[in-house]
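Read the structure below first, then the notes.
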Amino acid sequence: MEQANGFDFVDRAHDPIFLELRKLTEGCKAVTIASYTVTLNAFSLFEIESIGIHDCVSTLEQCYRYLCTHTAE
């Protein structure tokens with residue numbers, strides 16, 4: 001059984017995490033969400049960095065899910 005995230009029930013058009021991440025696809029160089037810095041690199045991969053963390057995902061949806069999971073802890 002998986003714990004529900006509050007944003008699972010909110011329209012993404014109003015979700016602050018999703019709105020911040022979407023800025024990357026609109027030309028913003030980097031965004032900061034909680035303790036994470038997210039960049040969209042030259043290969044269109046989302047790089048997620050924090051202290052001791054450097055992960056990479058290929059879609060906005062994967063990045064969103066990663067941050068929702070890890071910022072809820």
Side-chain angles (χ1 to χ4, degrees):
M1 184 172 195
E2 215 176 289
Q3 180 177 347
N5 185 312
F7 292 120
D8 289 336
F9 306 105
V10 175
D11 178 22
R12 289 212 177 120
H14 298 93
D15 182 344
I17 293 174
F18 189 79
L19 293 174
E20 198 66 19
L21 287 174
R22 199 169 66 188
K23 290 179 183 179
L24 294 169
T25 64
E26 298 168 349
C28 186
K29 300 276 187 204
V31 296
T32 301
I33 299 170
S35 64
Y36 297 90
T37 300
V38 183
T39 56
L40 185 60
N41 71 21
F43 302 103
S44 296
L45 298 172
F46 293 86
E47 294 186 51
I48 305 162
E49 298 178 79
S50 190
I51 297 171
I53 296 170
H54 189 140
D55 284 328
C56 193
V57 294
S58 59
T59 68
L60 181 65
E61 177 66 27
Q62 289 172 327
C63 190
Y64 172 74
R65 287 284 166 204
Y66 181 100
L67 291 172
C68 285
T69 300
H70 289 84
T71 57
E73 294 175 348

Worked check of salt bridge (charged side-chain N to carboxylate O under 4.0 Å, His left out) between K23 and E26: CA-CA 5 Å; K23 290 179 183 179; E26 298 168 349; over 6 Å; no
Please round to the nearest 0.5 Å and tell me the distance separating atom [atom1] of [X] and atom [atom2] of [Y].
{"X": "E47", "Y": "L24", "atom1": "CD", "atom2": "CG", "answer": "11.0 Å"}
{"X": "T59", "Y": "F46", "atom1": "OG1", "atom2": "CZ", "answer": "7.0 Å"}
{"X": "I17", "Y": "T71", "atom1": "CD1", "atom2": "OG1", "answer": "4.0 Å"}
{"X": "I48", "Y": "H70", "atom1": "CD1", "atom2": "NE2", "answer": "8.5 Å"}

Whether S50 side chain and S35 backbone form a donor-acceptor pair below 3.5 Å: yes
Non-hydrogen side-chain atoms of L67 and F18 separated by less than 4.5 Å: no
Single-linkage hydrophobic cluster, 4.5 Å side-chain cutoff, V38 and L45 together: no
L40 with L19, same ILVMFWY side-chain cluster at under 4.5 Å: no
Closest non-hydrogen atom pair between L21 and C63, with its separation: CD2-SG, 3.7 Å
Shortest non-hydrogen contact from V31 toward C28: CG1-SG, 4.1 Å
Pair Y66-Y36, side-chain contact (heavy atoms from CB on, under 4.5 Å): steps then yes or no: CA-CA 11 Å; Y66 181 100; Y36 297 90; 4.2 Å; yes
